[in-house]
A.B. asks: 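First the structure, which I've put down as structure tokens, then a few questions once you've had a look.
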Amino acid sequence: MNDLVRAQLAVPSRDELHDFYDSYFETLDSARVSEWPDFFVDDCVYQIIPRENFEAGYQLCTMQGDSKGMLIDRAQAILKTQMFAPRYCRRLYSGLRITGRRDGMITVRQTLVAIQTLIDGPSEILVCGVANDVLEIGTVGLLFKERIVVIDSEMIANSLIYPI
Amino acid sequence: MDAAAPRYWPEAQAGSIPYWIYTDKDNYLEELERVWYGPHWLYAGLEVEVPEPGSYKTTVLGARPVVISRAKDGTVHAFENRCAHRGVRICQERFGSVESFTCPYHQWNYALDGALQGVPFRRGIKGEGGMPRDFDPKANGLRKLKVECVNGAIWASFSHDMPSFREYVGETIWGRYSRVFSGKKLRIIGYNRQLVPSNWKLMLENVKDPYHAALLHVFFATFGLYRPDQKNALEMDESGAHACLTAIMPPKDAAPADGNAVATSLPGFDAGLQLADSRLIEGVRELTGTETVSVMSLFPSVILLQQLNSMQARQIVPRSVDKFELIYTHFGFEDDDEEMQARRVRHANLFGPAGFVSADDGEVLQMTQEGISPDAENASALVRMGGAEIKDATHMATESAIRGMYRYYREVMTA
Ligand code: FES
Ligand SMILES: [Fe+2]
């Protein structure tokens, strides 16, 4: 990327940022799982990591991918190989904040809650936590370079099927 | 049904498991006493979790909170996390390092091995009050468990009359155990914690059941990780309580021949599916032998699993008759390079609450509990794959190890 192009890639406005996340969450909330990897660059990192691991410096995640390919595999597994009870999941975020910027990228932080509803069941909090993201500002728009979701919820009510 | 009525096991007991054992609250309480607080070695953690003198971890064994600590002389101790004075749970943190343990309520102080070493105002104030003269601190420490450290894992028992761990699991299982726990220094990779809404025994059944692995877990069959025709070994100790399931995955380029026919006939098999990033399941051999999978279930408290380069202890903590916690401790070896660490983290995607494979199990356990609960008094499970026999096998079409566990369970519960 030359300097001229980089200069044109201005830091997105808060509206643009909200549009990006709203469309990301809408895709997930509508369970359009196969479209989920499209929000990431090829060389990406995705993690849902328990807070106890994150704070202790342990690398184990509850859900992990270190390439877009692995996210495609996750989507494929959910759609074609995994067995689970039907469910709805909604993700709510607040406190969206740009925490830094560097060459064509911004770092963004947000607080998150995901609410799960099983058939015939009450709606329950599945996880809550904070996401620390790195977004690439591309010519076609924003994409995740990194999405690290640190979950406070250490005891997951059975399964975590869908990404956050 | 009258809670005090004797419980009934169907006559052909080896192949029938009555559903009340998963739903009856009194039976659950009886299990805590006879199984969890009885003569069984319970998984309590890994030695690296309490690396230094003063290091401790808290856990729950059966339903009882327990502290595992390392004393000044390097020995590992386990004692109930319950103040001898008025029952306060002394330690709240999961891990930590202390000089001694002090109860927050009245500051009774305990040494690293659980011995009571300080009672404030024991002699009263200005000669008034205080503990009776005959109060003996030695007799009032925290209640201790018996402990044995075995090649890096910590085993504890509420019973002090225990055979060695090796005797407890028997020579066959010991061989499998010492393949993973060889004494080589371990490294923690991290934890996953899951609350599964089913009876705890269903978890043990699940990992003693090679029959389901290629059927429920479409991921396995699809990506060639577990094939119905592959070389398997299902082994048990003499009592039937413990089992180990091992599998040897055929080399990638081995001609699948009719083996593939078995795999492709599986429901859900889609030959068109390919992994976009095969690093997800690319392992390197690191342990002795050619086994790619080893699933040990050590009754009643833990599953020790090795698959690809993922190694984990899955500790079972019963919470009620229809709920248990499953705590995954993933580990590697101290000398793992960065590549190996990354590989273990990648392979861990198969396991845990979001595991490509394990999530299936959590879900199906919940569905089992939901299925059996409404009519648990009057029905039983049919566990007849492989006939009524309880013996080792080299194929997957058997439920022998489930029958083995319940033969043992029934003995313990009716003795
Ligand atoms: S309850 Fe622990 S010191 Fe009183
Ligand atoms: Fe399974």
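Residue numbers begin at 1 in each chain, while the letters A, B, ... track the order of the sequences. The figures that follow rest on heavy atoms only: side chains count, while hydrogens, waters and symmetry mates do not.
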A.B. asks: Non-hydrogen atoms of chain A under 4.5 Å away: do they reach the side chain of B/R279, the backbone, both or neither?
C.D. replies: side chain
A.B. asks: Measure the shortest side-chain to side-chain distance between A/T81 and B/F356 over non-hydrogen atoms and say whether it is less than 4.5 angstrom.
C.D. replies: no
A.B. asks: Taking C-beta and beyond as the side chain, do B/V218 and A/M83 meet within less than 4.5 Å on heavy atoms?
C.D. replies: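 SC-SC contact between B/V218 and A/M83 ruled out.
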A.B. asks: Do you know which two heavy atoms are closest between A/D66 and B/R346, and how far apart they sit?
C.D. replies: OD2-NH2, 2.9 Å
A.B. asks: So which of B/A348, B/S198, B/A276 has the biggest tally of heavy-atom pairs under 4.5 Å with chain A?
C.D. replies: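 Answer, by heavy-atom pair count under 4.5 Å with chain A: B/A276.
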A.B. asks: Atom OG of A/S153 and atom CG of B/L195: how far apart are they, to the nearest 0.5 Å?
C.D. replies: 12.5 Å
A.B. asks: Does CZ in A/F54 sit with more than 12 non-hydrogen atoms of other residues, nucleotides or ligands closer than 6.0 Å?
C.D. replies: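 For A/F54, atom CZ is not crowded (no more than 12 foreign heavy atoms under 6.0 Å).
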A.B. asks: Which heavy atom in B/N192 sits nearest to a heavy atom in A/P50, and how many Å separate them?
C.D. replies: OD1-CG, 3.7 Å
A.B. asks: As an exercise: rank B/H217, B/R187, B/Q274 by heavy-atom pairs under 4.5 Å with chain A and give me the winner.
C.D. replies: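 Heavy-atom pairs under 4.5 Å are most numerous for B/Q274.
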A.B. asks: Answer yes or no: are there more than 12 heavy-atom neighbours, outside B/Y56 itself, under 6.0 Å from its atom OH?
C.D. replies: yes
A.B. asks: Side chains of B/D360 and A/F84: does their closest heavy-atom pair fall under 4.5 Å?
C.D. replies: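 No; the side chains remain at least 4.5 Å from each other.
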A.B. asks: Counting neighbours of CD on B/Q92 that are heavy atoms of other residues, nucleotides or ligands and sit closer than 6.0 Å, is the number greater than 12?
C.D. replies: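 Buried by this count: over 12 neighbours within 6.0 Å.
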A.B. asks: Side chain from CB out, backbone as N, CA, C, O: work out which of these in B/V364 comes under 4.5 Å of a heavy atom of chain A, or both, or neither.
C.D. replies: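 When you check distances to chain A, atoms from both the backbone and side chain of B/V364 fall under 4.5 Å.
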A.B. asks: Nearest 0.5 Å please: distance from the SG atom of A/C61 over to the CD1 atom of B/I189.
C.D. replies: 11.0 Å
A.B. asks: In terms of heavy-atom pairs under 4.5 Å, which option from A/T62, A/I48, A/I49, A/L71 contacts chain B the most?
C.D. replies: A/T62
A.B. asks: Can you tell if the side chain of B/R193 reaches within under 4.5 Å of the side chain of A/E52, non-hydrogen atoms only?
C.D. replies: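 Result yes, sub-4.5 Å side-chain heavy-atom pair found.
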A.B. asks: Work out which heavy atom in B/M367 is nearest to a heavy atom in A/A85; give both atom names and the distance.
C.D. replies: CE-N, 3.6 Å
A.B. asks: Does the salt bridge (Lys or Arg N to Asp or Glu O under 4.0 Å) test come out yes or no for A/K68 and B/D277, once each step is laid out?
C.D. replies: CA-CA 8 Å; A/K68 184 173 174 177; B/D277 189 340; over 6 Å; no
A.B. asks: Among B/Y191, B/F219, B/F351, B/F220, single out the residue with the greatest number of heavy-atom pairs under 4.5 Å to chain A.
C.D. replies: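 Option with the top pair count is B/Y191.
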A.B. asks: Report yes if the side chains of A/N158 and B/P353 come closer than 4.5 Å at any heavy-atom pair, otherwise no.
C.D. replies: no
A.B. asks: Below 4.5 Å from any heavy atom of chain B, which atoms of A/R51 appear? Answer side chain, backbone, both or neither.
C.D. replies: neither
A.B. asks: Go through A/M70 and B/N349 one step at a time and tell me if the side-chain contact (heavy atoms from CB on, under 4.5 Å) criterion holds.
C.D. replies: CA-CA 10 Å; A/M70 281 179 70; B/N349 271 298; 3.6 Å; yes
A.B. asks: Applying side-chain contact (heavy atoms from CB on, under 4.5 Å), run through B/Q366 and A/L118 and close with a yes or a no.
C.D. replies: CA-CA 12 Å; B/Q366 176 168 6; A/L118 295 172; 4.1 Å; yes
A.B. asks: Between B/G355 and A/Q82, which heavy-atom pair has the shortest distance, and what is it?
C.D. replies: O-NE2, 4.0 Å
A.B. asks: Does the side chain of A/Q59 come within less than 4.5 Å of B/H330's, by heavy atoms?
C.D. replies: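 Contact flag for B/H330/A/Q59 side chains = no.
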A.B. asks: With a sphere of 6.0 Å drawn around CZ of B/R94, does it hold more than 12 non-hydrogen atoms of other residues, nucleotides or ligands?
C.D. replies: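 More than 12 heavy atoms, drawn from other residues, nucleotides or ligands, come within 6.0 Å of this atom.
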A.B. asks: Quick check on B/F223 against chain A: is it the side chain, the backbone, both or neither that has a heavy atom closer than 4.5 Å?
C.D. replies: side chain
A.B. asks: Run the side-chain contact (heavy atoms from CB on, under 4.5 Å) test on A/L60 and B/R344 for me, step by step, so that the C-alpha distance in whole Å, both residues' side-chain angles and the decisive distance to 0.1 Å come before the verdict.
C.D. replies: CA-CA 8 Å; A/L60 185 79; B/R344 296 196 201 281; over 6 Å; no
A.B. asks: Answer yes or no: is there a side-chain heavy-atom contact under 4.5 Å between A/E154 and B/Q194?
C.D. replies: no
A.B. asks: Evaluate whether atom CZ of A/R32 has more than 12 neighbouring non-hydrogen atoms of other residues, nucleotides or ligands under 6.0 angstrom away.
C.D. replies: yes
A.B. asks: Quick one: of B/L326, B/L273, B/L216, B/V196, who has the most non-hydrogen atom pairs under 4.5 Å with chain A?
C.D. replies: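 Among the listed options, the one with the most contacts to chain A is B/L273.
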